[in-house]
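A quick write-up on the structure given underneath.
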Amino acid sequence: MDVVLLAGLAGFFVTAAWRTPAFLLLVASVVALLVSDEVYGVSSSSYRSGDWTDLGWLASYILWAAAALHPSMRELSQPRRRRSGIRVHSARVALLTAALLSAPFVLLVQDLRGAPLNVPAVVVAAAAISILVILRLRGILRALERLRDRERSARADAEQAQMLLALQNDQLVEADKLKDEFVALISHDLRTPLTSIIGYVELTLEDEGPPLDEERRSYLQVVSRSSERLLRLVDDLLFVARLQAGRLVLERSELDLCLIAEQATEEARPRAEGKEITLEFSGGSPVTLYADKGRLFQLLDNLISNAIKFTPAGGHILVRTTADPEGAVLEVSDTGIGLGPGEAKLIFDRFFRSSRVVAQQVQGTGLGLFIARAIVEAHDGTIGVSSREGGGTVFRVELPTRVERPTPDQELVA
Amino acid sequence: MSEQLVLVADDDEDILLLVTTRLRRDGFDVVSASSGDRALALARERKPAIAVLDIGMPGLDGLEVLEQIRADEELSGTLVLLLTAKAQESDVRRGYEAGADAYVRKPFSPAELSKRVRELLDGET
């Protein structure tokens, strides 16, 4: 009987449920029972009912009951949730083997001690242990079978998922192609009519005197300005589409940032003066970069246009280029409305527009600074912004100089 | 001077008229063509000093007309300015590789285009 109990205990160890308090109580009760049994076995001749050894059995039954009543017993008695797979540890196999061997072991000990064999008891115990072990083994084999089934169905699922993925990939490629065609359409079909609009308005505005009076001339100037804005929007959208498609290719050449900054400043001057803003350029010696001229011009134009947009009349904008051994620095500072709290982090995001800007109905798409950052990053540079005390904003762009070679020729050009 | 003859080719009639008008106002002799094939025929017939070619034309496109002009020994002195609505930088490179002298992106200011034509012709003479 004790041997069966021991084997059962071993079985619980195998289930790896032994950390629960209920199980520990159970172990304690079994140990108490076994100790009492052994004490009784050794001194059975002197045993009398009501002896102190009775205390051991009593304690065992109390512990047993406590184990049964403990809340964690629920966990112990429920089948454990299967984890990803069953683990056939060598320790578990050893325990099962030990349980199976306990009956012959008892027989051997009895024989060595020369004690009389109680054959029916030993047979019942051995049979009980064998049945327990075989049940356990069957459980393990079943779990293995389940595992294999699960693996098979998982593999089938994976294959199906892969097919679905391939299908979606095809659809994505198709969508990408449609987008490319759309971008090409915008590129061509919007630009061609814009060429006519801008061109003919320009031709008409050149004609001095009748039949065009001042009022009609001003109407045409609105058409002209609006067309330029539309063109800028088309260009910005095209740029972003190309950027999103990962097809922003830089056409790098050796150039002078100082010269480009000056040209961009000059080009923006009429717009600044139209708003009564002083626009200044300050550049020292040539800043030679190996960069995309068109894109740098676009960057400067975006930063300067931005400054003009957010600087009130009577304000001041300064465009500055400097070079140091680390790289080229370009700064555009203004005395404009500055940044709201927390906006410095957001302004380079696509389609970001400050709530104050929206409230004041300042025109824009929220693409300018996003494009500026993309251009700077494509050149391995950095762009940052800081709000100045008492209003105003400073944009600072740092670009790595590949070639720094101020020659008299370039100074002449600058 | 006959060197000042300008050939303009664009399949968009409005733009063709726009460029032609602008160049005529600026004192150039202008012949115009609304297709690449017509442009090439006119180039061989009139031997213009400069050809302003739109890249995107049905039939022979601007680049093909440019290649034909470059392949024609009798037209070796002809300057070529390409016009394109495409924003692709690769087109610009292809144009220069094919032997274009200048490139103007649509939409353009007619005055600017006229200025480029003048600069190219002055640089040549």
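Chain identifiers are assigned alphabetically (A, B, ...) following the order of the sequence lines, protein sequences preceding nucleic acid strands; residue numbering begins at 1 within each chain. Predicted, not measured: the structure shown is a model, and the values here were computed from it.
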Quiz item: Looking at B:Arg105 and A:Asp235, does any basic side-chain N land under 4.0 Å from a carboxylate oxygen?
Solution: yes
Exercise. Could you tell me which of B:Leu18, B:Leu113, B:Asp14 has the largest number of non-hydrogen atom pairs under 4.5 Å with chain A?
Key: B:Leu18
Exercise. Counting only heavy atoms closer than 4.5 Å, note whether B:Asp12 contacts chain A via side chain, backbone, both or neither.
Key: side chain
Self-check item: Step-by-step salt bridge (charged side-chain N to carboxylate O under 4.0 Å, His left out) determination, B:Arg116 to B:Asp26
Solution: CA-CA 12 Å; B:Arg116 285 301 298 278; B:Asp26 289 343; over 6 Å; no
Quiz item: Salt bridge check: are A:Glu228 and A:Arg225 linked by an N-O gap of less than 4.0 Å?
Solution: no
Quiz item: Is it the side chain or the backbone of A:Leu194 that comes within 4.5 Å of chain B heavy atoms, both, or neither?
Solution: both
Quiz item: Can you check whether A:Leu220's main-chain N or O pairs, donor with acceptor, with A:Ser224's side chain at less than 3.5 Å?
Solution: no
